[in-house]
Each structure stands twice: as structure tokens, then as C-alpha cells.
Amino acid sequence: MDDSTKEKQEALDKRYIRMANIWAENSYCKRRQVGALIVKEKMIISDGYNGTPSGFENVCEDENNVTKPYVLHAEANAITKIARSNNSSEGATMYVTASPCIECAKLIIQAGIKRVVYSEKYRLEDGIELLKRAGIEVEFVSVES
């Protein structure tokens, strides 16, 4: 990739990460709001944010402020939305506001996503390590810059 192409990709990455951050605002979760976009050929083909499954109350935490076990992560919501559409995530890029956990990393691998861009590091790096092991390009992009 030449410098000009690299700069354009970096600008696009930052733009999509900002959009994923805005999308995260749709989450009803109080502890952490996460947004994800799946982009293929410069088109957003799916989106997701963390929350409860369809038909459940929009409350993510229990009375002790612990996340309920059935809350879906933003990545899982975006990937399952693809499954219900006519789109394919094969070769796509996922933009997610927080680094994927190991469970979401498995879904990303199986969905054929080839690149993951995230803007917030999580204390556990096992999801990122699994993605790299699977040959998926992983990039951290700071939202501030």
C-alpha cells in the first residue's frame, strides 16, 4: 500500500470508528455502550450495539449492576443481523468501539471478516490474540486523533 492509499484508509478507519461510537449511543446498557459496524467495499452492510435480545426488556444490568448473562455484544448483534439479510460478511472489515472478547472473536472468524478495527482496549487481550492467530488484520485506532 503506498502512502496516499494508506492515508486514505486511515482517514476512513477513523470515520467509521466515530460512526461506531455514535451507534453505541443506541445501547441501553449503563456499564458500557459498545457499537459495531461491518463495512464491505465502502458500504455499511450491518451494524450492532450491545443489548438484550429482541423482545426482551431494554435493561442490561441486574439490581447489583452486573450485566445480565443474555446480553448480546455489539459484534454478535452485527453478525447475526448479516445472517438475516442477503449480505455476506466474507472479506469485510468490522469497526468496533471496544476490542472483541474471545467469544466475539470466534464469531468474527467464522463470519469471514478479514479485518477488525477497534478504538478501546479491553483488559483481556485473548480475543485480539485469537483474531491475529486466525490471520485477521487487527488495528487499534484512537478516537482522539
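Everything quoted here is computed from the prediction, not taken from an experiment.
- To the nearest 0.5 angstrom, Ser4 atom OG is 11.5 Å from Gln9 atom CD.
- Partner of Ile113 under the side chain to side chain contact (heavy atoms under 4.5 Å, CB included) criterion, chosen from Ile82, Thr93, Ile108: Ile108.
- Linking ILVMFWY side-chain heavy atoms closer than 4.5 Å, directly or via other members, places Val39 and Trp23 in two distinct hydrophobic clusters.
- Screening Lys30, Arg32, Arg31, Glu61 for a side chain to side chain donor-acceptor pair (under 3.5 Å) with Thr67, the sole residue that qualifies is Arg31.
- Taken to the nearest 0.5 Å, the CD1 atom of Ile22 stands 13.0 Å off from the CG atom of Asp47.
- Val143 and Tyr49 fall into different hydrophobic clusters, where Ile, Leu, Val, Met, Phe, Trp and Tyr side chains are chained together by heavy-atom contacts under 4.5 Å.
- For Ser89 against Ala111, the heavy-atom pair with the smallest separation is OG-O, 2.7 Å.
- Applying the side-chain hydrogen bond (donor to acceptor under 3.5 Å, both in side chains) test to Ser88 and every residue at least two apart in sequence or in another chain returns nothing.
- Annotation: side chain of Pro100 is in contact with side chain of Leu131 (closest heavy-atom distance under 4.5 Å).
- Inspection of the Tyr95 and Asp13 side chains reveals an N or O donor paired with an N or O acceptor under 3.5 Å.
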Given the rule in the side-chain contact (heavy atoms from CB on, under 4.5 Å) test, do Ile17 and Val117 qualify, once you have shown the distances and angles that lead to the verdict? CA-CA 8 Å; Ile17 276 292; Val117 179; 3.9 Å; yes

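- Taken to the nearest 0.5 Å, the CZ atom of Arg115 stands 14.0 Å off from the CD1 atom of Ile38.
- Linking Ile, Leu, Val, Met, Phe, Trp and Tyr residues whenever their side-chain heavy atoms come within less than 4.5 Å places Ile102 and Ile79 in a single cluster.
- Between the side chain of Ser27 and the main chain of Ala24, no donor-acceptor pair closer than 3.5 Å is present.
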Derivation of the side-chain contact (heavy atoms from CB on, under 4.5 Å) call for Lys68 and Glu57: CA-CA 11 Å; Lys68 293 177 180 177; Glu57 73 289 346; 3.0 Å; yes

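- Of the N and O atoms on the side chains of Thr97 and Asn21, not one donor lies less than 3.5 Å from an acceptor on the other residue.
- Here the CD-CZ distance, from Glu120 to Phe140, works out to 8.5 Å after rounding to the nearest 0.5 Å.
- Note on Tyr122 and Leu130: separate hydrophobic clusters, where clusters join Ile, Leu, Val, Met, Phe, Trp and Tyr whose side-chain heavy atoms are under 4.5 Å apart, directly or indirectly.
- Of the inter-residue distances, the one linking Glu75 atom CD with Leu37 atom CG reads 11.5 Å to the nearest 0.5 angstrom.
- Val116 and Ile45 fall within a single hydrophobic cluster, where Ile, Leu, Val, Met, Phe, Trp and Tyr are joined by side-chain heavy atoms under 4.5 Å apart, directly or via other members.
- In this structure a side-chain-to-backbone donor-acceptor pair under 3.5 Å is present from Asp62 to Asn64.
- Ser46 contributes a side-chain N or O that, together with a main-chain N or O of Ala78, makes up a donor-acceptor pair within less than 3.5 Å.
- Sorted by first then second residue, the salt bridge (charged side-chain N to carboxylate O under 4.0 Å, His left out) pairs that include residues 91-107, not counting sequence neighbours, are Glu103-Lys106.
- Within the 3.5 Å criterion, the main-chain N or O of Val34 finds a donor-acceptor partner in the side chain of Asn50.
- Contact detail for Gly48 and Asn77: the closest heavy-atom pair is CA-CB, 4.1 Å.
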